J.: 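Pasting a structure here, questions to come.
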Amino acid sequence: MPYVQGIYPILFKENLSKNVFDFTIKSKEIASLAQPGQFVQIRVPYMPLRRPISLADINLDKDYIRIVFEIKGQGTGYLAQFKAWDNLDILGPLGRGFTMLPPNKRVYLIGGGIGTPPLVPLAGYYGGNATVITGFRNAKAVILDDEFKKFFNEHILCTDDGSMGIKGFVTDVLYQRLKGGDRPDMIYACGPKPMLQRVAQLAAEFDIECEISMEERMACGIGACLGCACKTHEHDGTSSYAHVCKDGPVFNSKEVIF
Amino acid sequence: MPYVQGIYPILFKENLSKNVFDFTIKSKEIASLAQPGQFVQIRVPYMPLRRPISLADINLDKDYIRIVFEIKGQGTGYLAQFKAWDNLDILGPLGRGFTMLPPNKRVYLIGGGIGTPPLVPLAGYYGGNATVITGFRNAKAVILDDEFKKFFNEHILCTDDGSMGIKGFVTDVLYQRLKGGDRPDMIYACGPKPMLQRVAQLAAEFDIECEISMEERMACGIGACLGCACKTHEHDGTSSYAHVCKDGPVFNSKEVIF
Amino acid sequence: MAHMRVKIAGVELNNPVIVASGCAGFGREYEELFPLSRLGGISVKGMTLHPKAGNPPPRIAETPSGMLNSVGLENPGVDHFIEHELPYLSQKGTTVIANVAGSTPEDCVAIVRKLDPTNVDMIELNISCPNVKQGGAAFGTNCQSAAEVTKAVRQATSKPLMVKLSPNVTSISEIAKAVEAEGADALSLVNTFLGMRIDVESKRPILHNNVGGLSGPAIFPIALRMVWEVYNAVKVPIIGMGGIYDSIYAIEMMMAGASAVQVGAAIFTDPLTPVYIVDRVNQWLDDHGIHNVSELTGTVKPW
Amino acid sequence: MAHMRVKIAGVELNNPVIVASGCAGFGREYEELFPLSRLGGISVKGMTLHPKAGNPPPRIAETPSGMLNSVGLENPGVDHFIEHELPYLSQKGTTVIANVAGSTPEDCVAIVRKLDPTNVDMIELNISCPNVKQGGAAFGTNCQSAAEVTKAVRQATSKPLMVKLSPNVTSISEIAKAVEAEGADALSLVNTFLGMRIDVESKRPILHNNVGGLSGPAIFPIALRMVWEVYNAVKVPIIGMGGIYDSIYAIEMMMAGASAVQVGAAIFTDPLTPVYIVDRVNQWLDDHGIHNVSELTGTVKPW
Ligand SMILES: Cc1cc2nc3c(=O)[nH]c(=O)nc-3n(C[C@H](O)[C@H](O)[C@H](O)COP(=O)(O)OP(=O)(O)OC[C@H]3O[C@@H](n4cnc5c(N)ncnc54)[C@H](O)[C@@H]3O)c2cc1C
Ligand SMILES: Cc1cc2nc3c(=O)[nH]c(=O)nc-3n(C[C@H](O)[C@H](O)[C@H](O)COP(=O)(O)OP(=O)(O)OC[C@H]3O[C@@H](n4cnc5c(N)ncnc54)[C@H](O)[C@@H]3O)c2cc1C
Ligand SMILES: Cc1cc2nc3c(=O)[nH]c(=O)nc-3n(C[C@H](O)[C@H](O)[C@H](O)COP(=O)(O)O)c2cc1C
Ligand SMILES: Cc1cc2nc3c(=O)[nH]c(=O)nc-3n(C[C@H](O)[C@H](O)[C@H](O)COP(=O)(O)O)c2cc1C
Ligand code: FES
Ligand code: FES
């Protein structure tokens, strides 16, 4: 897959919640190559390894991309210190994105916490045909709530403590829907591993196509170093390692061995 | 000797010549402890070791110190990127400064290139009783030329190529003066090693007290690591190592073994 | 423009900057960013006789100015390399170095026999991988076993044979001498240092393999010292590596005794590093009036 | 506030953070910035029987996330220490560890005999200095000589005896076991890695000694792995060091098996590092509901 490396300016910086930042970055080159579900590798000061961050938006007309990230450690901490008009060294777009069905298909988008942003381009594409279920620890952690209104998605917001939206897990809501007889053409999910595992189980149980976005520690980000292994089923019943940066980050949920 | 560590803001930044920068830094603590000839250790991004830089000025009333430095490698390169109102992490004042005679004594101040700045406080102190001889590669490298006018010093400017001031070395001028019968009470010198060595020779030849400011690669800057050794004569005729950061940077020229 | 070509064990390289084994796969991925012909060579991912799955993830951990990896020689096996990778790679105008990482001397011999009739330019016998239970560093941290595997492989191939040494030893020059005595045409050093990181929240080592190989700028000063030590102990040419991330580091490595260098982890920080190094070394040579990059080798003047 | 006191070989420390030998002299200089009683202890500059001038300058070189030193055990000799430094230092409310660096086993014995009647709390036998021609790493890179010098010193003192190991070896756990068998009460590791830098303009090694010891964050992952290896090989307590510059690194080191840590080069970047580490480890313990810092030791859960 074609990708580029370059220095691109931040156009807008927003603070979505205490530790979550939203950068809009001007890059015609990356925007014109990118697909929903792909990611970029960003160089951060002091750190020998780049940081993988998903594309939260790809705008071809306006030549920009968007990333939304949470401060987890030193690297994302330094990244958060960049300001509008600072330049970022970015490698991308990388990996395999989501399979795009015709936009009139019915889909579910399941997002947990900082796993929500990569669903934004899908929400825009499927519009009213997408049911979006997003979950967060509590009201303070909620991000991108308005985003899905814009696209006329059905949107169900969950929080672990019920301080906003429904109290409970996204997978509880999904389970109720599927048990209730809903049969979407695809479930897309991005979020913490236990959530993805449960979504994969539900998809298997109700026999629905499902794509999940995986994470793994990376070095190269382009399939050269074999660092980002992810255990997968082979067609012949054995298992082997796929690589999140090249074969993923989006996998069919049936492929992944948790 | 008492010293402090703290975070201090840059008040003014000036660019004296292509690669030479002049920072005025607010620090009542350091200014109130410092003596001419002492230095500070400045932390620079990415670098495990601090950078030793001499105090180019100490202003007690206004609570500031001044440093003048040249970009030599990565560390000074990063230092040069700091701007007014940025904060610097500084350890200081460190080391032993110049011996101050009564201000009515006749002194020579000999400065080579980036060795000139530490002479500024001496120039101010001795005023018209100081003869300042400074030397540079060429006109473009000349710094602090105006400074000595302010203090009514006699000032002789030399350049290696004669593009400004007298063509020749500072030590040639000094030699002419001493040979001509001038007998100052002290020669102070700061600059490249070959210059210091020649000044020391002349001081010995004409039997004049002389103090020179030495440089050595440092780690701690306070006398703890024994990194910054400088070979010196012992009273009993043997040699041993003094430490530039604690016993110096200013040494009596008779002590140092070049 | 200075003359950048170098000759090592009879093989002429475009320039002395080679991408290190394991860091650029079989060369396909980075072609997107620069033509491989800009490189002096590529040392391909270490290969075994049969395909190898490697270690479970996580396989990567970050460290101050460095990184750990515990990939564990994941590779598709020598046959796949010869059939599917080499035909493509050998047309790219760069020197192809086959990194051989059998788990027994017999395996290494078998791999090398398969490579012998191909157009691979050079063999790099990896006796220093810290991430596998058998072979790897088990060969390379002992003079006798290092000599044995070198001897066996030497007899199995007419290709130029380079042996890649482990730095996890008391005396790397002893190993170097043992390997030279058995007919190695060149030496490459260093492979990674065995290291560890712990995730203090989960109390788990970050790497699933618990330990992994440290590389990157952090190790440069140790690697440089080892290259200098080995240069003073052997006569065969040395390819130096370990933490090179800028032209100055490449020049130091050559001054310490390397005839060429490899660049590994730095490519992950900036994928264009090897190409920048080629250009900047060339510029440095011009600035210093040096006509031929080979003139740098071994020119350090010890005190 | 968690309980921070730790006990090592019968000696109780204020907390597990000790300033490493050679990095804070005899403690006087840093007193300007913090009271020594804030530290768990201070390991003083390595001392020899007679005063030692050390190596010619330059003695310091910078490296990515690290530094090289070739101080070469400059010190005023054990008698001077006992007469002029110890009386002052032993009143400061911190544990005093005497780093002993004789150039022969006989020298080490003579030094230790002099220290035996003093109020030094512990001996740290340095068999790992890479910067001297005799003694130092020559002892520490070979099981037999490491055992011999430990044995001799063990018989010469009733003080708790800690032996400081060199990382420049193929198997540090073999050395650790040899030293433990001869009666070491504790082990400290690691000393510096032998490294080099070259000034490409002058073609001279930056250090006048050509090579020197690498320390600082760069070496942390290797040091951590070695502490873990040694912890799994011996029963005596371990003081871990090498590149610790923040509380997380100290916690990793303790989880890998250290009962206490030493902080060296990081003090040059920020002189308050050891004190910050004490406070931040304490905070971390509180945040994690751990009451006693000793509970961290060896808690890593390998995969
Ligand atoms: C394909 C992909 C897409 C991602 N998209 C996003 C996103 O859109 N928004 C967002 O906030 N985060 C995203 N992440 C996670 C993000 O990469 C990590 O949170 C980040 O690397 C942490 O870096 P740090 O220095 O702050 O943390 P540290 O823990 O200090 O990092 C130490 C090392 O571990 C790596 N690391 C730590 N956590 C992760 C992780 N979860 N995944 C991969 N590497 C990790 C770091 O990259 C670094 O090399 C994505 C990860 C992957 C693999
Ligand atoms: C007491 C003292 C006072 C000084 N005062 C001044 C001053 O007022 N203005 C000024 O421009 N320079 C001064 N210097 C020199 C200045 O410290 C060096 O130019 C600077 O450290 C170079 O750092 P770098 O990262 O740019 O160079 P690099 O060469 O990349 O530095 C690498 C390492 O070597 C050390 N180093 C390199 N050159 C020197 C040197 N000449 N002396 C000591 N360490 C060195 C650095 O500190 C660093 O640790 C002084 C040096 C000393 C010892
Ligand atoms: C991800 C990764 C994979 C590696 N795989 C191999 C390998 O297969 N064979 C080998 O000989 N060396 C391997 N190495 C070691 C490098 O080739 C090189 O010796 C080492 O990384 C030091 O150089 P550097 O500091 O420039 O990375 C690998 C290194 C890394 C970082
Ligand atoms: C300048 C300097 C001097 C040192 N001198 C000694 C010494 O005299 N005795 C000793 O055992 N270790 C000495 N060391 C090694 C340190 O005590 C420590 O083992 C090593 O630096 C690793 O820890 P660090 O990475 O925290 O610095 C010295 C280290 C430095 C940097
Ligand atoms: S990160 Fe290198 S292969 Fe995926
Ligand atoms: S720099 Fe540490 S003693 Fe001078």
Side-chain angles (χ1 to χ4, degrees), chain C residues 56 61 63-68 137 141-142 166-171 193-205 207-212 214 216-229 243 245 247-249 251-256 284 288 296 299-303, chain D residues 56 61 63-68 137 141-142 166-171 193-205 207-212 214 216-229 243 245 247-249 251-256 284 288 296 299-303:
Chain C
T63 74
S65 295
M67 62 172 284
L68 296 166
T141 51
N142 171 304
S166 168
N168 298 296
V169 295
T170 308
S171 172
F193 290 78
L194 207 55
M196 187 179 192
R197 284 303 300 270
I198 296 170
D199 172 10
V200 297
E201 298 300 328
S202 67
K203 298 197 169 72
R204 287 283 193 189
L207 300 175
H208 199 289
N209 193 46
N210 297 322
V211 295
L214 179 69
I219 69 170
F220 176 77
I222 321 181
L224 187 75
R225 184 265 300 175
M226 289 183 165
V227 165
W228 186 59
E229 247 177 59
Y245 72 101
S247 49
I248 294 299
Y249 293 72
I251 295 166
E252 285 185 56
M253 199 55 103
M254 293 189 72
M255 286 180 172
W284 193 92
H288 288 73
L296 295 175
T299 51
V300 64
K301 296 183 287 185
W303 294 89
Chain D
T63 74
S65 294
M67 62 173 283
L68 295 167
T141 51
N142 171 305
S166 167
N168 298 296
V169 295
T170 308
S171 172
F193 289 78
L194 206 54
M196 186 180 194
R197 286 302 302 268
I198 297 170
D199 172 9
V200 297
E201 298 300 327
S202 68
K203 297 196 169 74
R204 287 282 194 191
L207 300 175
H208 200 290
N209 193 44
N210 298 322
V211 295
L214 179 68
I219 69 171
F220 176 76
I222 320 181
L224 187 75
R225 183 266 299 178
M226 289 182 165
V227 165
W228 186 60
E229 245 177 60
Y245 73 102
S247 49
I248 293 300
Y249 292 72
I251 294 166
E252 285 185 55
M253 199 56 103
M254 293 188 72
M255 287 181 172
W284 192 92
H288 289 73
L296 294 175
T299 51
V300 64
K301 297 183 287 185
W303 294 90

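As the structure is a computational prediction, the values presented were derived from the model and not from experiment. Both backbone and side-chain heavy atoms feed into the values below; hydrogens, waters and symmetry mates do not.
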J.: Looking only at non-hydrogen atoms, find the nearest pair between D:Arg204 and C:Pro302 and report the distance.
T.: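 Residues D:Arg204 and C:Pro302, closest heavy atoms: NH1-O, 3.1 Å.
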
J.: Using 30° and 60° as the class limits, which term best fits the ring planes of C:Trp303 and D:His208: parallel, tilted or perpendicular?
T.: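 If you compare the ring of C:Trp303 with that of D:His208, the planes turn out parallel.
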
J.: Counting only heavy atoms closer than 4.5 Å, note whether C:Ser171 contacts chain D via side chain, backbone, both or neither.
T.: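 When you check distances to chain D, no heavy atom of C:Ser171 falls under 4.5 Å.
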
J.: Tell me, for C:Ile219 versus chain D, whether the close heavy atoms (under 4.5 Å) come from the side chain, the backbone, both or neither.
T.: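 Contact with chain D: none, neither part.
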
J.: Residues two or more places apart in sequence or in another chain: which of them pass side chain to side chain donor-acceptor pair (under 3.5 Å) with C:Ser247?
T.: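 Checked C:Ser247 against side chain to side chain donor-acceptor pair (under 3.5 Å); zero matches.
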
J.: Working to the nearest 0.5 angstrom, can you tell me the gap between D:Leu194 CG and C:Glu229 CD?
T.: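 Rounded to the nearest 0.5 Å, the CG-CD separation comes out at 6.5 Å.
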
J.: At what distance, to the nearest 0.5 angstrom, does CD1 of D:Ile222 lie from CG of C:Asn168?
T.: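 D:Ile222 atom CD1 to C:Asn168 atom CG measures 7.5 Å (nearest 0.5 Å).
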
J.: Among D:Leu207, D:Val227, D:Asp199, D:Val200, which residue has the highest count of heavy-atom pairs closer than 4.5 Å to chain C?
T.: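 Most heavy-atom pairs under 4.5 Å with chain C: D:Val200.
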
J.: Side chain, backbone, both or neither: which part of C:Leu68 has a heavy atom under 4.5 Å from chain D?
T.: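 Side chain only.
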
J.: Where is the tightest heavy-atom contact between C:Val211 and D:Trp228, given as atom of each residue plus distance?
T.: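 For C:Val211 and D:Trp228, the tightest heavy-atom pair comes out as CG1-CZ3, 3.9 Å.
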
J.: Give, for atom CG of C:Leu214 and atom CZ of D:Phe220, the distance between the pair rounded to the nearest 0.5 Å.
T.: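 Spacing of CG (C:Leu214) from CZ (D:Phe220) equals 11.5 Å.
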
J.: First locate atom CG of C:Leu296, then atom NZ of D:Lys203, and finally report the distance between them rounded to the nearest 0.5 Å.
T.: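 NZ of D:Lys203 is found 7.0 Å from CG of C:Leu296.
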
J.: Between D:Pro56, D:Gly66, D:Pro205, who has the most heavy-atom pairs with chain C when the cutoff is under 4.5 Å?
T.: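 Among D:Pro56, D:Gly66, D:Pro205, the one with the most close pairs to chain C is D:Pro205.
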
J.: Which bit of D:Thr299 is near chain C, if near means a heavy-atom gap under 4.5 Å: side chain, backbone, both or neither?
T.: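 Contact with chain C involves both backbone and side-chain atoms of D:Thr299.
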
J.: Rounded to the nearest 0.5 Å, what separates atom CD in C:Glu201 from atom CD1 in D:Ile248?
T.: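 Spacing of CD (C:Glu201) from CD1 (D:Ile248) equals 7.0 Å.
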
J.: Using a cut-off of under 4.5 Å for heavy-atom pairs, which of C:Pro167, C:Gly216, C:Pro217 has the most such pairs with chain D?
T.: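 Most heavy-atom pairs within the cutoff with chain D belong to C:Pro217.
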
J.: Partners of C:Ile198 by side chain to side chain contact (heavy atoms under 4.5 Å, CB included), sequence neighbours excluded?
T.: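 Checked C:Ile198 against side chain to side chain contact (heavy atoms under 4.5 Å, CB included); matches are C:Met196, D:Leu224, D:Glu252, D:Met255, D:Ala256, D:Val300.
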
